[in-house]
Amino acid sequence: MRNIEMKEEKNGLDLRKTNPSKSVDLEEQIECTSISNENQDNRPSTTTRLYKRRWVMVFLFSCYSLCNAFQWIQYGIINNIFMKFYNVDSFTIDWMSMVYMLTYIPFIWPVSWLLDKKGLRLIALMATAINCLGTWIKVASVRSNLFWVTMLGQFASSLSQVFILGMPSRLASVWFGSEEVSTACSIGVFGNQLGIAIGFLVPPILVPNVDNIDELAYHISIMFYITAGVATVIFILVVFMFQEKPEIPPTLAQVQARSIPPEEYSYMASILRLLRNLPFMLLVISYGLNVGCFYAVSTLLNRMIIEHYPGEEVNAGRIGLTIVIAGMVGSLICGIWLDKTKTYKQTTLAVYLLSFVGMVVYAFTLSLGHLWVVFVTSGALGFFMTGYLPLGFEFAVELTFPECEGTSSGLLNCSAQIFGIMFTIGQGKIIEHFGTFAGNIFLCVFLLIGTIMTGSLLTPYTRYSSILQ
């Protein structure tokens with residue numbers, strides 16, 4: 001690998017002389033390499049470049065992912081308040097989060113096809129437009145008899161999510177170099193996690209638990225107007241600034257991917273190849289188990305905290321914030337670690353095992369009566385469970401290259417949504433009849449199963465191998 005980098009540096013000196021028609025402004029270009037394949041095949045030289053604007057692309061994606069993720073949990077974290085305002089039961093409010101999971105399952109297939117055929121820009125435009133529409137529908141729903149309107153707005157937001165979750169690995173591969181692709185994927189996931197964190201923190205602050213319905217409507221409308229304003233600004237930025245792909249690919253792997261003629265690519269054939277890939281399918285199931293547990297814990301967090309610590313809605317949000325902030329740190333650390341070591345299976349297995357341990361500790365300490373203990377154990381759980389998200393994306397790409405990253409990510413997320421619905425409903429019913437401890441042990445069992453499955457994975461690293469060749 002070091003020899004390749006030295007060769008790239010040497011050949012890069014003459015790039016502007018040999019390729020004057022493809023030169024770019026020095027302020028835009030931060031790396032320029034020309035790799036000459038002077039071998040027995042007499043293959044032509046291949047040029048790769050990195051552009052500063054790749055950071056703008058991942059920043060824009062992170063912003064609209066953040067805005068959408070905030071809406072996923074904004075109802076669930078103040079479950080009891082929305083129950084009172086709309087006069088519905090807790091299970092109905094749980095569906096405001098679960099609709100994100102349910103919508104994803106049927107719509108991921110056409111959206112993945114669009115990502116494969118039309119590329120990143122169209123997907124980004126559709127994601128931000130639908131998300132913006134959903135926020136303004138919610139603005140019109142702030143009356144106690146208009147629950148169906150707020151549900152319609154949440155459905156639009158959940159549909160936008162389908163265009164978002166599969167993009168981090170694809171965006172990272174299209175725009176970033178081989179030594180930073182995992183870090184870039186982690187930054188993309190980082191935005192989604194930050195949105196969830198804000199979704200835990202802000203709603204309990206903006207919408208206090210007051211008895212006057214008119215006053216409650218005022219506070220809810222403030223939250224909805226702020227969300228709609230942010231979503232509108234982000235949509236405008238994406239329209240004018242988001243680009244499809246760099247003119248010249250950033251890596252040899254992308255050079256290879258671009259060389260495949262569109263007419264030779266079949267989306268259905270790609271799906272079938274992935275379904276026959278046993279290591280990848282084991283990862284799909286184990287990823288679904290882990291992330292499904294995270295979805296269940298996040299959706300039901302308010303109910304679990306309020307049961308043991310009545311009146312602590314604000315602290316329930318802060319505990320959720322702690323889970324996600326710790327997970328964001330874990331995501332970035334794992335992304336940097338993967339870029340440095342390429343130890344995909346070892347890192348994924350270690351993080352999965354520690355997620356299981358964290359869930360066990362959380363289950364046994366939740367009812368001790370000390371909120372500071374819950375904060376500590378929740379932080380540890382979040383560091384590993386949420387930190388696992390980008391690991392799954394990047395591990396999947398390694399197992400499936402040169403299949404489209406959006407397709408593999410779509411299957412991972414589909415599994416997560418299915419298990420998320422199952423675990424949220426199952427844990428909710430167990431909590432209702434047997435208490436929070438039994439509900440959390442229910443999740444521990446599945447995390448143990450996922451850990452065993454991850455340990456049994458075979459690891460043919462196809463993308464990394466292609467870069468070394």
Side-chain angles (χ1 to χ4, degrees), residues 60-79 81-82 85-86 88 92-108 110-111 114 123-142 146-168 188-189 191-203 206-207 220-239 291 294-295 298-299 320 324 410 413-414 416-417 420-421 424:
L60 285 174
F61 169 77
S62 296
C63 286
Y64 70 75
S65 179
L66 179 155
C67 182
N68 182 262
F70 167 82
Q71 297 172 76
W72 168 56
I73 203 64
Q74 69 178 156
Y75 293 91
I77 196 57
I78 48 175
N79 183 296
I81 296 175
F82 275 109
F85 182 75
Y86 286 113
V88 295
T92 301
I93 299 299
D94 288 344
W95 271 108
M96 301 300 282
S97 296
M98 288 192 289
V99 69
Y100 264 62
M101 308 172 206
L102 184 63
T103 303
Y104 190 90
I105 298 167
F107 285 101
I108 182 54
V111 170
L114 277 176
I123 296 300
L125 289 172
M126 294 185 71
T128 51
I130 297 172
N131 186 62
C132 185
L133 175 64
T135 60
W136 285 107
I137 291 174
K138 292 177 188 178
V139 167
S141 72
V142 190
L146 294 180
F147 178 77
W148 68 272
V149 177
T150 208
M151 188 68 185
L152 179 63
Q154 188 72 344
F155 169 74
S157 299
S158 71
L159 183 59
S160 172
Q161 179 213 217
V162 184
F163 293 85
I164 294 172
L165 289 187
M167 278 188 68
V189 175
N192 192 271
Q193 295 171 340
L194 182 59
I196 296 172
I198 298 172
F200 278 123
L201 178 66
V202 172
L206 292 180
V207 187
I220 292 173
S221 68
I222 291 296
M223 179 174 68
F224 285 166
Y225 268 113
I226 292 173
T227 309
V230 171
T232 303
V233 171
I234 293 173
F235 172 62
I236 294 171
L237 289 175
V238 168
V239 169
V291 181
F294 169 71
Y295 287 162
S298 300
T299 301
V324 182
N413 285 319
C414 189
Q417 312 310 317
I421 293 173
T424 302

> Are Tyr225 and Thr135 linked by a side-chain donor-acceptor pair shorter than 3.5 Å?
Replying inline: no

>> Strictly distance-based, threshold 3.5 Å: is any side-chain N or O of Thr150 a donor or acceptor partner for the main-chain N or O of Leu146?
In response: no

>> How long is the straight-line distance from SG of Cys132 back to CG of Asn68, given to the nearest 0.5 Å?
In response: 12.0 Å

> Do we see a donor-acceptor contact under 3.5 Å between the side chains of Asn131 and Gln71?
Replying inline: yes

> Would a 4.5 Å heavy-atom cut-off, applied to side chains only, mark Ile196 and Phe70 as touching?
Replying inline: no

> How many angstroms lie between CD in Gln161 and CE in Met101, if you round to the nearest 0.5 Å?
Replying inline: 8.5 Å

> Between Phe107 and Tyr104, is the gap from one ring center to the other below 6.0 Å?
Replying inline: no

>> Can you give me the closest heavy-atom contact between Ile78 and Pro203, atom names plus distance?
In response: CD1-CB, 4.0 Å

>> Please determine whether side chain to side chain contact (heavy atoms under 4.5 Å, CB included) holds for the pair Ile421 and Ile105, giving the CA-CA distance in whole Å, both sets of side-chain angles, and the decisive distance to 0.1 Å.
In response: CA-CA 11 Å; Ile421 293 173; Ile105 298 167; 4.1 Å; yes

>> Less than 6.0 angstrom separating the ring centers of Tyr295 and Trp72, yes or no?
In response: yes

> How about Leu102 and Gln417: do any of their side-chain heavy atoms sit closer than 4.5 Å?
Replying inline: no

> Does Met151 reach the side chain of Val99, with side-chain heavy atoms less than 4.5 Å apart?
Replying inline: yes

>> I need the Tyr75 OH to Ile93 CD1 distance, nearest 0.5 Å.
In response: 8.5 Å

>> For Ile137 and Phe155: C-alpha separation, side-chain torsions, deciding distance, then whether side chain to side chain contact (heavy atoms under 4.5 Å, CB included) applies.
In response: CA-CA 10 Å; Ile137 291 174; Phe155 169 74; over 6 Å; no

>> As a quick check of understanding, evaluate side chain to side chain contact (heavy atoms under 4.5 Å, CB included) for Gln74 and Phe200, giving each step before the final call.
In response: CA-CA 7 Å; Gln74 69 178 156; Phe200 278 123; over 6 Å; no

>> Does any part of the side chain of Met96, heavy atoms only, come nearer than 4.5 Å to the side chain of Phe147, both counted from C-beta?
In response: yes

> Would you find a donor on one side and an acceptor on the other, under 3.5 Å apart, between the side chain of Ser160 and the backbone of Ile130?
Replying inline: no

> Of all heavy-atom pairs between Ser141 and Tyr86, which one has the smallest distance, and what is that distance?
Replying inline: O-OH, 3.0 Å

> How far apart are the C-alpha atoms of Ile220 and Phe82, what are their side-chain angles, what is the distance that settles it, and do they pass the side chain to side chain contact (heavy atoms under 4.5 Å, CB included) test?
Replying inline: CA-CA 9 Å; Ile220 292 173; Phe82 275 109; 3.9 Å; yes

> Do Ile123 and Leu114 come close enough that some side-chain heavy atom pair is under 4.5 Å?
Replying inline: yes

> Which distance, rounded to the nearest 0.5 Å, do you find between the CG of Leu60 and the OG of Ser65?
Replying inline: 12.0 Å

>> With rounding to the nearest 0.5 angstrom, report the CG to OG1 distance, Asp94 to Thr424.
In response: 7.5 Å

> Between Ala156 and Gly134, what is the shortest heavy-atom contact and its length?
Replying inline: CB-CA, 3.6 Å

>> Once rounded to the nearest 0.5 Å, what's the spacing between atom CE of Met126 and atom CZ of Phe163?
In response: 3.5 Å

> For the residue pair Ser298 and Ile73, what are the closest heavy atoms and their distance?
Replying inline: O-CD1, 3.4 Å

>> I'd like to know if the side chain of Thr232 and the backbone of Ala228 have a donor-acceptor N/O pair within less than 3.5 Å.
In response: yes

>> Is it the case that the side chain of Thr128 and the backbone of Leu125 share a donor-acceptor pair, with hydrogens and angles ignored and the cut-off at 3.5 Å?
In response: yes

>> Show the nearest heavy-atom pair for residues Ser157 and Tyr100, with the distance to one decimal.
In response: CB-OH, 3.3 Å

